[in-house]
Amino acid sequence: MAQARDVIIMGPPGAGKGTQAQRLVDTHGFTHVSTGDLLREAVAQGTELGLSAKKFMDAGEYVPDEVIVGMIREFVQALPTDARVLYDGFPRTVAQASALDDMLSGLGRGVDRVLLIDVPDDVLVSRLSTRWLCRDCQRPYNVATQPPEVEGVCDHCGGELYQRSDDQPEAIRTRLGVYAEQTTPVAEHFAAAGLLERIDGNRAPGAVQESLDSAVSGS
Ligand code: AMP
């Protein structure tokens with residue numbers, strides 16, 4: 001029988017997935033995989049996959065399922081059997097979710113919890129349009145509410161801060177529309193399987209973290 005231990009963290013762009021995923025990794029020792037990070041790495045390295053993904057990412061659209069599923073398959077196949085994976089930003093379509101279910105059961109693995117961070121759209125738009133990230137350590141800053149000590153410089157590692165090209169207003173609107181259309185059904189897919197846990201993400205990061213911690217510890 002499949003061993004169900006892996007966890008998925010999902011939520012609309014700007015819900016705080018990246019920050020919270022990092023905290024879960026630090027606290028619970030998950031093996032973390034973020035499809036967004038893998039794609040940005042491929043873009044930075046100028047690989048063929050990166051070049052083909054960039055136009056979708058810049059427009060705020062989803063990269064085709066075959067590309068994403070291929071990337072995840074490569075990752076999952078190389079895992080040691082005792083790793084407990086945290087999937088971050090994946091699956092985002094029902095086709096990706098079904099591919100993951102099949103891939104994991106074929107490997108004797110499984111998902112035992114899906115954590116959905118809920119945040120209202122107006123809050124997401126305001127968070128994303130003021131978000132800057134460190135080029136080196138990926139730490140996020142909100143230039144309106146949580147600015148770095150020195151403008152443009154990461155407090156943590158001294159790296160240069162930048163704004164993602166898909167955090168521009170037009171791309172933000174597209175990303176929220178695509179999420180509602182393509183990813184909301186993924187939440188329903190996991191709710192039907194009894195795996196979905198909704199977390200109120202419109203709170204201070206520490207409060208969100210506590211809810212996520214107890215959801216993961218209870219699994
Ligand atoms: P993220 O950092 O998770 O917001 O991802 C940034 C961008 O990468 C998204 O807006 C998509 O263009 C692409 N992307 C990341 N993960 C996926 C996925 N699972 N399916 C399709 N596209 C993805």
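Remember, it's 1-based here, ligands and their atoms both numbered in the order they're listed. Since we're looking at a predicted model, the values are computed, not measured.
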Can you tell whether the side chains of [X] and [Y] come within less than 4.0 Å, N to carboxylate O?
X	Y	result
Asp26	Arg23	no
Arg198	Asp118	yes
Asp167	Arg175	yes

Item to complete: For Asp6 and Arg84, run salt bridge (charged side-chain N to carboxylate O under 4.0 Å, His left out): C-alpha distance rounded to whole Å, both residues' side-chain angles, the deciding distance at 0.1 Å, then the answer.
Response: CA-CA 5 Å; Asp6 292 351; Arg84 191 181 186 200; over 6 Å; no
Item to complete: Might you list the protein residues in contact with ligand 1, defined as having a heavy atom under 4.0 Å from one of its atoms, sorted by chain and number?
Response: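 Thr35, Gly36, Leu39, Arg40, Met57, Glu61, Tyr62, Val63, Ile68, Gly89, Phe90, Arg92, Gln96, Arg164, Asp166, Arg175.
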message = Is it the case that the side chains of Asp136 and His156 hold a donor-acceptor pair, with the cut-off being a distance below 3.5 Å and no angle test?
response =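 No, Asp136 and His156 have no side-chain donor paired with an acceptor closer than 3.5 Å.
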If only side-chain N and O atoms count, and only distance matters, is there a donor-acceptor pair under 3.5 Å linking Tyr141 with Thr130?
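Distance-only check fails for Thr130 and Tyr141.
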